[in-house]
Student: 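Let me begin by handing over the structure; questions about it come next.
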Amino acid sequence: QASRQTGGRVDRTCGVADLVDGSSYRVMVSRKLTVQVENLADRTTFLFGGEWFDTGGWATERVQCIEENAELVFENKVMVQGVSGYVQYHTADHSQTLIVVFSCPVTTAFCFTARAGPSIPDGTVLWNKAPEIAWPGAGLRRADLCAWETLERQDEHSIVRCIILPQSTEDSPGPSGSKVSEELMRRLNKAQPCRSTLTSVPANSSFLVQRRFIIEIDNRSQEHFQLDGDWFDSGRWKQNPVTELKPGAVSRLEFSGDEYFRGLCGLAWYVNSGSLDTYFSFCFTNPITDYGSFNAWAGPPPQDLRKELYASPALGSSQGVQVPQGHGCAWNVIERSSTAHVRLVILKELAPMDPLSYPSRPMAKEASVAPDNGNSNQSESSVIIVDDDGPFRRVMDMTRPRDAFDGLGSGLKVAGAGLAAGTAALFVAPGVGFRAEGVPGLFTGIAKGVAGACVLACGGVVAGCGQVIRGVWNTPEAIQQAQAGRRWDSDQGAWVSDTTNLREEAAKVAEEGEESDASDSDA
C-alpha cells in the first residue's frame with residue numbers, strides 16, 4: 001500500500017508496482033508502523049526537515065509536508081531487523097517543530113513517542129527513552145503539543161494516531177481553537193503523560209525485556225496499614241518498599257523486573273497497626289510472553305496467598321471496574337503492556353480476620369525410611385526409599401538444574417569450560433613436549449594437544465547438552481514446586497519449604513502446657 005500527499009489529503013492506492021524491490025522477505029519477518037498524523041495547529045503546515053534510521057526506512061515515498069492529514073508508513077528492509085528511527089518536520093519560519101520517534105524491533109515490543117513545539121529535544125536521546133506503545137483502547141498519551149493513541153497493535157503491523165495540538169493561551173490553558181472538539185478536549189484532560197517525559201525512566205537499552213507493575217492504592221477505610229511482608233518469584237520493588245498505607249491517602253507502589261527473561265511475579269501484604277486483624281493483600285504478575293494478572297483482598301486474607309498468585313485473573317480479561325464479591329476492594333486496569341498499571345480502592349467498611357474460619361492444613365511429614373517389620377502387605381506408598389548418599393549422588397545433586405532456563409545457563413557454562421580447557425591443552429601440550437624432548441617432543445605435544453582439545457571440547461559439549469536435557473526434564477517439577485510455595489536451594493539441588501503451620505505449632509504448645517499442668521497437679 002502506498003500513500004501520496006495531494007492537496008493536504010492522503011490518496012491511497014494499491015498495486016504490485018508500489019512495493020519496494022525484494023519485498024518477499026515480508027513473508028518471513030515483517031515489521032511495519034503506520035502513523036496517522038492529524039494537524040490541528042492553527043494555519044500551520046509542517047515541511048520535511050530531516051530523518052535518521054537505525055534500521056529500516058520509508059515503506060512508501062517520503063511525505064514532504066503535513067497540512068491537515070498525512071500518513072507516515074515505515075517498514076524494515078532486512079529480514080532479521082526491524083524498523084527504528086525518527087523523522088522531523090518544521091514550519092516555514094521554523095517557529096514550530098514536530099518529531100516522531102519510533103522503534104519496532106523483531107524481538108521486543110514496539111516503542112513510540114512524539115513532540116511538537118518551539119523547541120525539540122535531541123532525537124537520539126528521545127529515541128533511547130521512547131516507551132512501549134499502549135494497547136488499543138488504553139487512552140491517549142501526551143507530551144508537549146502532541147497526543148497519540150494506538151489504533152492497532154500486532155507483531156507485524158501497528159497503527160498509531162498522532163495529533164498535533166494548537167498552542168495554549170494564557171487565558172485558556174491547554175489546547176484551544178475550533179479544530180479541537182469537545183470530545184477530544186475531554187479525552188485530553190484524561191490523557192496520561194508519556195513516560196519518556198519522566199526523568200526517572202531509564203533508556204530502552206538498560207533491559208532487553210523490561211517489565212514493571214504500578215499499583216495506585218486509594219485507602220478509603222479508617223485503617224492504617226503497615227507492610228507485613230512480601231515475596232518475589234522474580235523482580236523486586238522498583239525503589240524502596242512502601243511501608244505504610246495511610247487512611248484517606250493515595251499511595252503508589254512500583255515493582256520492576258530484575259532478570260532478562262523471567263518478567264515480574266510477586267505478592268505483598270499489609271496489616272492494620274491497631275488490632276492486627278485486618279489485612280490488605282495482593283498478588284501480581286507481568287510476564288514477558290503474555291498478559292499479566294492481578295488480584296487483591298482487603299479485610300480477611302486468603303488462605304494461601306501463593307496459590308492465589310498462580311490462579312489470579314489475567315489483566316487481558318479485565319474490562320471496566322472490577323468489584324469481586326467479598327474482596328473488600330475494587331480496581332481498574334489502566335494499562336496492559338510492558339508496564340501494567342492498576343488503580344485500586346480499599347472500601348470503607350472492612351471485616352476483620354477470623355482465624356477459626358480457616359481450615360487447618362496438615363503439614364507434609366519428613367521423609368524417613370520405614371522399618372522392615374516383615375509385613376509384606378504394607379502399602380508401597382508408605383515406604384520411602386532413600387538413595388545412597390555417595391559422592392556421585394552429591395555431585396549430581398549439586399549440579400542439578402532447577403528448570404529449562406537454569407539448565408541452559410548451566411549447559412553453556414559447562415560447554416564453555418570444556419572448550420576453554422581444550423584450547424588451553426592445544427597450546428600448552430606442544431610447549432611442554434618441546435621442553436622435554438625437543439623437536440620430536442614438539443610433534444608429540446601437538447598430537448597430544450589436538451587429542452586433548454577434541455576430548456575436552458566434546459566432553460564439555462556433551463556435558464552441556466546433558467545439563468540442558470536435565471533442566472527440561474526438571475521443568476514440570478519446578479512448576480509444581482513453585483506453585484506449592486517451595487524454594488529452590490541451589491546448594492542442595494532440591495526444593496525446600498520455608499513455611500510452617502502456625503495452627504499445628506499452637507496446638508503442640510497447648511498440649512505441652514496441658515501435660516505440664518497435669519504433671520504438676522499429680523505431684
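Values below: every heavy atom of this structure, side chains too, minus hydrogens, waters and symmetry copies.
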Student: Decide side chain to side chain contact (heavy atoms under 4.5 Å, CB included) for F225 and N219; before the verdict, give the C-alpha distance in whole Å, the side-chain angles of both, and the deciding distance to 0.1 Å.
Tutor: CA-CA 9 Å; F225 291 100; N219 184 10; 3.8 Å; yes
Student: Got a sec: does the CH2 of W52 have more than 12 other heavy atoms crowding it under 6.0 Å?
Tutor: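 Yes.
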Student: For L126 versus T113, what's the shortest heavy-atom pair and its separation?
Tutor: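 Between these two residues, the closest heavy atoms are CG-CG2, 3.9 Å.
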Student: Kindly assign one of parallel, tilted or perpendicular to the pair F280 and Y270, based on the angle between their ring planes and the thresholds 30° and 60°.
Tutor: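 Aromatic pair F280/Y270 classed tilted.
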Student: Could you go step by step and tell me if I214 and E254 meet the side chain to side chain contact (heavy atoms under 4.5 Å, CB included) rule?
Tutor: CA-CA 5 Å; I214 301 174; E254 295 191 34; 4.0 Å; yes
Student: Establish, from distance only, whether the side-chain atoms of D230 and W237 form a donor-acceptor pair under 3.5 Å.
Tutor: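 Their side chains do contain a donor-acceptor pair, which is all the 3.5 Å distance test asks for.
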Student: Given salt bridge (charged side-chain N to carboxylate O under 4.0 Å, His left out), test E335 with R141 step by step and report yes or no.
Tutor: CA-CA 11 Å; E335 184 176 357; R141 299 293 186 270; 3.6 Å; yes
Student: Mind checking side chain to side chain contact (heavy atoms under 4.5 Å, CB included) for A143 and listing every partner two or more places apart, or none if nothing turns up?
Tutor: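 Per chain and number, A143 pairs via side chain to side chain contact (heavy atoms under 4.5 Å, CB included) with R115, W148, C194, T197.
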Student: Side-chain contact, heavy-atom cut-off 4.5 Å: R252 with V242?
Tutor: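 Answer no - side chains too far apart.
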Student: Is it true that E308 and W297 share a donor-acceptor pair across their side chains at a distance under 3.5 Å?
Tutor: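 No, E308 and W297 have no side-chain donor paired with an acceptor closer than 3.5 Å.
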Student: Is a donor on one side and an acceptor on the other found under 3.5 Å between the side chain of S273 and the backbone of H224?
Tutor: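 Yes, S273 side chain to H224 backbone: donor-acceptor pair under 3.5 Å.
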Student: If we ignore hydrogens and angles and just use 3.5 Å, is the side chain of H327 paired with the main-chain N or O of A296 as donor and acceptor?
Tutor: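 Between the backbone of A296 and the side chain of H327 there is a qualifying donor-acceptor contact (under 3.5 Å).
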Student: Measure the spacing between OG of S256 and CG of N286 and express it to the nearest 0.5 Å.
Tutor: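 It is 11.0 Å, given to the nearest 0.5 Å.
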Student: Just do the side chain to side chain contact (heavy atoms under 4.5 Å, CB included) check on F110 and R153 with the steps written out, would you?
Tutor: CA-CA 9 Å; F110 285 17; R153 177 174 173 174; 5.7 Å; no
Student: Do you see a donor-acceptor pair shorter than 3.5 Å between the side chains of S84 and T55?
Tutor: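 Absent: no donor and acceptor within the cut-off.
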Student: Any side-chain heavy-atom pair from V342 and F282 closer than 4.5 angstrom?
Tutor: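 No, too far: nothing below the 4.5 Å cut-off.
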Student: Please round to the nearest 0.5 Å and tell me the distance separating atom CD1 of I133 and atom CD1 of I159.
Tutor: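 One finds 10.5 Å between CD1 of I133 and CD1 of I159.
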Student: Quick one: list whatever passes side-chain hydrogen bond (donor to acceptor under 3.5 Å, both in side chains) with D218, sequence neighbours left out.
Tutor: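 Scan of D218 (side-chain hydrogen bond (donor to acceptor under 3.5 Å, both in side chains), adjacent residues dropped) gives R220.
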Student: With sequence neighbours left out, what residues match H341 under ring pair (Phe, Tyr, Trp, His ring centres under 6.0 Å)?
Tutor: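 H341 satisfies ring pair (Phe, Tyr, Trp, His ring centres under 6.0 Å) with no residue once adjacent residues are dropped.
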Student: Going by side chain to side chain contact (heavy atoms under 4.5 Å, CB included), name the residues that satisfy it together with P105, two or more places apart in sequence or in a different chain.
Tutor: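 Scan of P105 (side chain to side chain contact (heavy atoms under 4.5 Å, CB included), adjacent residues dropped) gives S103, T108.
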Student: Could you tell me whether a side-chain N or O of K77 sits under 3.5 Å from a main-chain N or O of W58, the two making a donor and an acceptor?
Tutor: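 At least one qualifying donor-acceptor pair exists.
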Student: So, for V78 and N76, which heavy atoms are closest and what is the spacing to 0.1 Å?
Tutor: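 Scanning both residues, the minimum pair turns out to be O-ND2, 3.4 Å.
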Student: I'd like to know if the side chain of S312 reaches the main chain of S293, judged simply by a donor and an acceptor atom lying under 3.5 Å from each other, with no hydrogens or angles considered.
Tutor: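 It does not hold such a pair.
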Student: Ignoring hydrogens, what is the shortest heavy-atom contact between G471 and P401? Give both atom names and the distance.
Tutor: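 Result for this residue pair: N-CG, 3.4 Å.
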Student: Check step by step if side chain to side chain contact (heavy atoms under 4.5 Å, CB included) holds for L309 and T285.
Tutor: CA-CA 8 Å; L309 171 64; T285 64; 3.7 Å; yes
Student: Indicate yes or no: at least one non-hydrogen side-chain atom of E51 is less than 4.5 angstrom from one of V87.
Tutor: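 In short, these two side chains touch, coming nearer than 4.5 Å.
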Student: Can you list everything that forms a side chain to side chain contact (heavy atoms under 4.5 Å, CB included) with V35? Sequence neighbours excluded, please.
Tutor: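 In terms of side chain to side chain contact (heavy atoms under 4.5 Å, CB included), with neighbours along the sequence ignored, V35 is linked to L33, V37, L72, F74, V100, F112, C162.
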Student: Would you check if the side chain of T444 reaches a backbone N or O of P440 as a donor-acceptor pair within less than 3.5 Å?
Tutor: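 Side chain of T444 to backbone of P440, a donor-acceptor pair under 3.5 Å: yes, one is there.
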Student: Would you please name every residue forming a side chain to side chain contact (heavy atoms under 4.5 Å, CB included) with L140, sequence neighbours left out?
Tutor: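 In terms of side chain to side chain contact (heavy atoms under 4.5 Å, CB included), with neighbours along the sequence ignored, L140 is linked to E149, L184, R187, L188, A191.
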Student: Looking at side-chain heavy atoms only, is the closest gap between I334 and Q192 below 4.5 Å?
Tutor: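 Yes, at least one pair of side-chain atoms sits under 4.5 Å.
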Student: Quick one: pull up CG in N272 and OG1 in T278 and give me the separation to the nearest 0.5 Å.
Tutor: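 Interatomic distance, N272 CG to T278 OG1, rounded to 0.5 Å: 4.0 Å.
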Student: Please report the interatomic distance OH(Y86) to CG(D54), rounded to the nearest 0.5 Å.
Tutor: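 Taking OH in Y86 and CG in D54, the distance rounds to 10.5 Å.
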Student: Return the orientation label for the F232 and F284 ring planes: parallel under 30°, perpendicular over 60°, tilted otherwise.
Tutor: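 Taking F284 first and then F232, their aromatic rings stand perpendicular (interplane angle over 60°).
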Student: Testing the basics here: between L227 and P241, what is the closest heavy-atom pair and its distance to 0.1 Å?
Tutor: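 Nearest heavy atoms, L227 then P241: CD2-CB, 4.0 Å.
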Student: For the CZ atom of F294 and the CD1 atom of I215, what is their distance to the nearest 0.5 Å?
Tutor: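 Between F294 CZ and I215 CD1, I get 4.5 Å after rounding to 0.5 Å.
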Student: Show the nearest heavy-atom pair for residues G292 and P287, with the distance to one decimal.
Tutor: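 Minimum heavy-atom contact is CA-CD, 3.7 Å.
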Student: Can you tell me if T150 uses its side chain to pair, donor with acceptor, with the backbone of A134 under 3.5 Å?
Tutor: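 Yes, because the side chain of T150 sits within donor-acceptor range (under 3.5 Å) of the backbone of A134.
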Student: For a quick test of reading the model, state the closest non-hydrogen atom pair linking A463 to V414 and the distance between them.
Tutor: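 The answer is CB-CG1, 3.4 Å.
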Student: Hey, what do you get for CD (E156) to CZ (R31), rounding to the nearest 0.5 Å?
Tutor: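 Reported value, rounded in 0.5 Å steps: 6.0 Å.
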